Amino acid sequence: MSDATTSPSTEATPTSTEAAGPDDPDAPVVIGHRGASADAPEHTFPSYDLALEQGADYIEQDLQMTADGVLVVLHDDVLRRTARGPEGSCTGPVAEKTLDQLRYCEVGSWFEEADPDQVDAAFADLAIPTMEEVLDRYGPDVRYYIEIKAPDPDADMEEALLALLEDAGLGSPEDGSRQVLVQSFSADSLRRLRSLRPELPLVQLTRAGEPLDAAALDQIAEYAVGVGPAAADVDAELVEAGHARCLVVHPYTVDDPAEMTALLDLGVDGMFTNTPDTLVDAREDHPAPLDPEGCAEADGSS
Ligand code: G3P
Ligand code: CA
């Protein structure tokens, strides 16, 4: 069982991460959804390591906040699905646990329970990472695509994230850098971030079936540089309408190579995938359609 003292955050960053980032800056981006979560337990260091080894341009984090105000990386707001350990610490809402309690939980064995073919010694004894530990481990050269998962207006998740990014030297992106993208389904959370740190690029997620009409895109373009729709909601009209507003279009979550190719043919600017290596292959010969430089005047980025 891992705890704060045995956290892998103190380990050296794998050399494979040094090559993170697209070889071709104009290529559609590969976003490692929860890491390379088809092949390693989501939101663990092995999952992020593998995503980077596979060529992901970004590693994705979903953030929850503990009862004592620490941002941890976990998709669900409750622990049952992926955490194992003492019931008092490792079941129930994350927001009701302290970080010390979460240190009793491990988040690897569920993956092997779900698929015994995926047994790997590297998946034993994996802790729930804090966002600070992720930034410490991977450093300023890796690209992060961070989701504020369940913002609570009283919890100040946005301020906490900005403080961590500031400490990591990533809080004030210059020259339109998109090394860190922050995403959320909550427009309120993104607008709050926008008011606190206008230069931080933001992506508005939308739920499957949620309309993304001209009026919605106009509103999103006021504070975001992109939209993250469910893949099934993407068509040529949406891509064109997003690009007309200088919004990149990053659908979620796509693992099938044929679906990847179809979306790339529609002109998307990247996508979330549990299998980054598949998208690295699929994106060959697909240039990123939106020229950010052409939009620099519109959104202040390049
Ligand atoms: O953030 C894009 C995608 O991850 C949204 O879905 O539920 O996997 O966070 P979810
Ligand atoms: Ca997510």
Side-chain angles (χ1 to χ4, degrees), residues 7-63 71-75 122 126-149 160-183 197 199-203 225-226 228 248 250 252-253 269-277 279-280 283 288 292 301-302:
S7 163
S9 65
T10 55
E11 294 174 6
T13 303
T15 52
S16 57
T17 63
E18 291 171 6
D23 293 333
D24 177 354
D26 295 324
V29 294
V30 176
I31 306 155
H33 183 246
R34 313 181 197 178
S37 58
D39 296 308
E42 66 189 50
H43 292 320
T44 63
F45 291 143
S47 187
Y48 297 144
D49 290 351
L50 185 58
L52 294 166
E53 286 165 20
Q54 290 185 0
D57 301 309
Y58 286 90
I59 50 175
E60 191 218 13
Q61 290 79 40
D62 292 306
L63 296 185
L71 290 177
V72 294
V73 187
L74 196 79
H75 178 270
L126 296 173
I128 297 169
T130 67
M131 188 65 214
E132 184 175 15
E133 288 166 348
V134 173
L135 292 167
D136 281 350
R137 178 176 173 85
Y138 296 101
D141 296 326
V142 164
R143 295 176 175 203
Y144 303 91
Y145 209 126
I146 304 166
E147 179 175 353
I148 296 196
K149 196 65 193 163
L161 174 60
L162 291 175
L164 288 179
L165 292 175
E166 198 68 45
D167 287 348
L170 295 167
S172 301
E174 296 173 0
D175 301 327
S177 164
R178 293 186 178 177
Q179 184 169 358
V180 175
L181 286 168
V182 181
Q183 49 167 334
R197 195 64 50 84
E199 64 273 30
L200 190 65
L202 309 173
V203 172
V225 303
V248 293
H250 290 166
Y252 65 89
T253 300
D269 304 278
M271 63 193 91
F272 294 84
T273 178
N274 302 311
T275 57
D277 51 352
L279 183 53
V280 166
R283 75 173 172 184
S301 63
S302 61

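Small disclaimer: the values here were computed from a predicted structure and weren't measured.
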Any idea which heavy atoms bring Ser172 and Arg197 closest together, and the distance?
-> OG-NH1, 4.1 Å
Taking C-beta and beyond as the side chain, do Leu165 and Ile146 meet within less than 4.5 Å on heavy atoms?
-> yes
Does Val73 reach the side chain of Leu63, with side-chain heavy atoms less than 4.5 Å apart?
-> yes
Closest heavy-atom contact between Gln54 and Thr275?
-> OE1-C, 4.0 Å
Minimum heavy-atom separation for Gly55 to Val30, with atom names?
-> O-CB, 4.3 Å
OG1 on Thr130 to CG on Leu135, rounded to 0.5 Å = 8.5 Å
How far apart are the closest heavy atoms of Val225 and Pro201, and which atoms are they?
-> CG2-CB, 3.9 Å
Can Arg137 be said to sit on top of Phe45's aromatic six-ring, NZ or CZ under 6.0 Å from centre and within 45° of the ring axis?
-> yes
Would you please test Gln179 and Arg143 for side-chain contact (heavy atoms from CB on, under 4.5 Å) and show each step?
-> CA-CA 5 Å; Gln179 184 169 358; Arg143 295 176 175 203; 4.1 Å; yes
Does the side chain of Leu52 come within less than 4.5 Å of Tyr138's, by heavy atoms?
-> yes
Which heavy atom of Asp57 sits nearest a heavy atom of Val29, and at what distance?
-> OD2-CA, 3.3 Å
Determine, step by step, whether Tyr145 and Phe272 satisfy the ring pair (Phe, Tyr, Trp, His ring centres under 6.0 Å) criterion, reporting the C-alpha distance in whole Å, the side-chain angles of both residues, the deciding distance to 0.1 Å, and the verdict.
-> CA-CA 10 Å; Tyr145 209 126; Phe272 294 84; 4.8 Å; yes
Residue pair Arg34, Asp62: steps toward the side-chain contact (heavy atoms from CB on, under 4.5 Å) verdict = CA-CA 7 Å; Arg34 313 181 197 178; Asp62 292 306; 4.0 Å; yes
Note: Ala168 and Pro140 closest approach over all heavy atoms is O-CB, 4.4 Å
The side-chain hydrogen bond (donor to acceptor under 3.5 Å, both in side chains) partner of Gln183 among Glu60, Lys149, Gln61 is Glu60
Results of side chain to side chain contact (heavy atoms under 4.5 Å, CB included) for Ser47 - residues two or more places apart only = Ser37, Ala40, Thr44
